[in-house]
Amino acid sequence: MRIAVTGATGNLGRQVVAHLAGQDVAELSSRNANYEDPQALRKALQGADKLVFISSDGEAAKIILHHQNVIAAAVDAGVGHIVLLSGVDADLASPFCYAYTNGATETLLRDTGIPFSIARAGLFAEFFNGLVRQSGGRMPMAGGRVGLVTRADVAECLAALALSAPTGTHHDLTGPEALGLADFGGTDITPAEFTAELAAGGEEQWWIYAYASMFESIRQQRWATVSGEVERLTTRKPSPAPRP
């Protein structure tokens with residue numbers, strides 16, 4: 001059985017590959033299977049029985065194009081099981097820009113008819129802690145809570161799903177609790193104050209929009225989910241989210 005892993009040289013992909021040690025693993029990266037190169041993707045996926053599809057990054061419109069390329073290549077290559085990394089807030093109606101990309105990708109995957117398993121990860125603890133440090137803890141959460149999850153837990157779950165039969169459903173991957181602003185020693189500010197402070201700090205306009213739309217979804221409690229799926233898939237308790 002050959003398992004292909006996209007983004008295999010990234011922070012998450014490297015950990016997935018490590019958990020698949022001893023398996024026949026095809027490591028796809030920007031060097032041999034760029035998300036923007038359909039021909040290279042098809043070539044890299046030839047002979048793969050399963051695909052761990054770690055999502056692209058960047059602007060939302062570009063991500064959707066990248067994901068279309070990967071899924072089309074998997075169809076052409078005859079991949080028999082796709083394990084897709086998505087997000088807890090994978091909802092076309094969400095205000096979060098990446099909720100749309102996740103929801104659209106899930107729909108595209110389901111429409112192919114390829115057997116699948118979907119890992120809907122909470123916000124990565126490492127990412128969120130970086131944002132806390134960047135903002136000085138001044139964030140527009142207004143009572144919203146987040147079930148943060150570590151990359152290590154997500155990587156282990158992705159590998160576990162790849163080594164199992166397709167589940168045909170999604171799995172919410174979160175830490176053991178939903179955290180609020182007080183847990184980070186933060187200060188609640190308005191969305192306008194938050195975006196103004198990011199702009200004053202030199203943040204790019206696209207990322208200001210991405211962060212602002214994410215916090216709108218947090219305020220709607222779209223990331224407050226806490227599930228037992230990490231423990232079910234790995235047979236151990238999920239890691240507590242480290243604090244910045």
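These figures come from a predicted structure and were not determined experimentally. Residues take their numbers from the sequence shown, with the count starting at 1.
- Within the 4.5 Å cutoff, the side chain of Ile208 has heavy atoms near those of the Gln205 side chain.
- A continuous path of hydrophobic side-chain contacts links Phe96 to Val88 [ILVMFWY only; heavy atoms under 4.5 Å].
- The shortest side-chain heavy-atom distance between Met214 and Tyr98 does not fall under the 4.5 Å cut-off.
- Tested against Leu51, the residues Ile71, Val5, Leu45, Ile3 include a single side chain to side chain contact (heavy atoms under 4.5 Å, CB included) partner, Leu45.
- Within a 6.0 Å sphere centred on CD of Gln39, other residues, nucleotides and ligands contribute 12 heavy atoms or fewer.
- For Ala33 against Leu41, the heavy-atom pair with the smallest separation is O-CD2, 3.5 Å.
- Linking ILVMFWY residues whenever their side-chain heavy atoms come closer than 4.5 Å, directly or via other members, leaves Leu65 and Tyr100 in distinct clusters.
- At distances below 3.5 Å, not a single donor-acceptor pair connects side-chain atoms of Thr234 with backbone N or O atoms of Cys157.
- Counting only distance, with no hydrogens or angles, the side chain of Arg219 and the backbone of Pro140 share a donor-acceptor pair below 3.5 Å.
- Heavy atoms only, all atoms of each residue included: Ser86 and Glu106 are closest at OG-OE2, 2.7 Å.
- For Tyr209, the ring pair (Phe, Tyr, Trp, His ring centres under 6.0 Å) criterion is met by Trp206, not counting sequence neighbours.
- The two residues Ala121 and Leu85 make their nearest non-hydrogen contact at CB-CD1, 4.0 Å.
- A heavy-atom distance below 4.5 Å is found between the side chains of Val154 and Phe124.
- When atom types are taken as modelled, the side chain of Asn32 and the backbone of Ser29 share a donor-acceptor pair closer than 3.5 angstrom.
- Note on Arg236 versus Glu156: salt bridge recorded, some NZ/NE/NH1/NH2 to OD/OE distance being below 4.0 Å.
- Both Val75 and Leu108 belong to a common hydrophobic cluster when Ile, Leu, Val, Met, Phe, Trp and Tyr are linked at side-chain heavy-atom distances under 4.5 angstrom.
- In this structure a side-chain-to-backbone donor-acceptor pair under 3.5 Å is missing from Asn102 to Ala99.
- We find that Asp37 and Lys43 are not joined by a salt bridge, their nearest charged nitrogen and carboxylate oxygen being 4.0 Å or further apart.
- Under a 3.5 Å cut-off, the side chain of Asp153 and the backbone N or O of Ser239 do form a donor-acceptor pair.
- With values rounded to the nearest 0.5 angstrom, Asp89 atom CG is found 8.5 Å from Leu123 atom CG.
- In plain terms, the two heavy atoms of Met139 and Ser135 that are nearest each other are CG-OG, 3.4 Å.
- Within the 4.5 Å cutoff, no side-chain heavy atoms of Thr105 are placed close to those of Ile64.
- Taking CG of Leu92 as the start and OG1 of Thr107 as the end, the distance is 5.5 Å to the nearest 0.5 Å.
- Taking OG1 of Thr150 as the reference point, atom CG of Asn129 lies at 11.0 Å (rounded to 0.5 Å).
- Applying the ring pair (Phe, Tyr, Trp, His ring centres under 6.0 Å) test to every pair with at least one member in residues 45-89, sequence neighbours left out, gives these pairs: Tyr35-His66, Phe53-His67.
- The side chain to side chain contact (heavy atoms under 4.5 Å, CB included) test with Ser117 is passed by exactly one of Leu84, Thr169, Val52, Thr167: Thr167.
- Nearest heavy atoms, Glu229 versus Arg232: OE2-NE, 3.0 Å.
- Taking CD1 of Ile189 as the reference point, atom CZ of Phe194 lies at 6.5 Å (rounded to 0.5 Å).
- Qualifying ring pair (Phe, Tyr, Trp, His ring centres under 6.0 Å) partners for Phe128, counting only residues two or more places apart in sequence or in other chains: Phe184.
- The backbone N or O of Arg145 sits less than 3.5 Å from a side-chain atom of Gln221, completing a donor-acceptor pair.
- Remark: side-chain polar atoms of Lys62 are not paired, donor with acceptor, to backbone N or O of Ser56 under 3.5 angstrom.
- More than 12 heavy atoms of other residues, nucleotides or ligands shown are found within 6.0 angstrom of CG on Asp183.
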Ignoring hydrogens and angles, write down the donor-acceptor pairs under 3.5 Å from the side chains of residues 13-25, residues two or more places apart or on other chains.
residue	atom	partner	partner atom	Å
Arg14	NH1	Thr9	O	2.7
Arg14	NH2	Asn11	OD1	3.3
Gln15	NE2	Asn11	O	3.1

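- Side chains of Thr195 and Tyr211 form no contact here, defined as non-hydrogen atoms less than 4.5 Å apart.
- Screening residues 184-208 for salt bridge (charged side-chain N to carboxylate O under 4.0 Å, His left out) gives Arg138-Glu197 as the qualifying pairs, with residues at least two apart or on separate chains.
- A distance of 6.0 Å separates CG in Leu12 from CG in Leu158, rounded to the nearest 0.5 Å.
- Clustering ILVMFWY residues whenever any of their side-chain heavy atoms sit less than 4.5 angstrom apart, transitively, puts Ile63 in a cluster other than the one holding Leu28.
- When side chains are defined from C-beta on, Leu173 does not count as touching Arg120, because their heavy atoms never get closer than 4.5 Å.
- Linking ILVMFWY residues whenever their side-chain heavy atoms come closer than 4.5 Å, directly or via other members, places Leu181 and Val132 in the same cluster.
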Could you please spell out the steps behind the side chain to side chain contact (heavy atoms under 4.5 Å, CB included) verdict for Phe116 and Leu161? CA-CA 9 Å; Phe116 65 87; Leu161 288 168; over 6 Å; no
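- A 4.5 Å side-chain heavy-atom check between Lys50 and Ile82 finds every atom pair outside the cut-off.
- Looking at Thr174 and Leu148, their side chains never come closer than 4.5 Å, going by heavy atoms from C-beta outward.
- When all heavy atoms are compared, the tightest approach of Pro176 to Pro238 is N-CG, 4.0 Å.
- With sequence neighbours left out, Pro95 forms a side chain to side chain contact (heavy atoms under 4.5 Å, CB included) with Glu216, Ser217, Gln220, Arg222.
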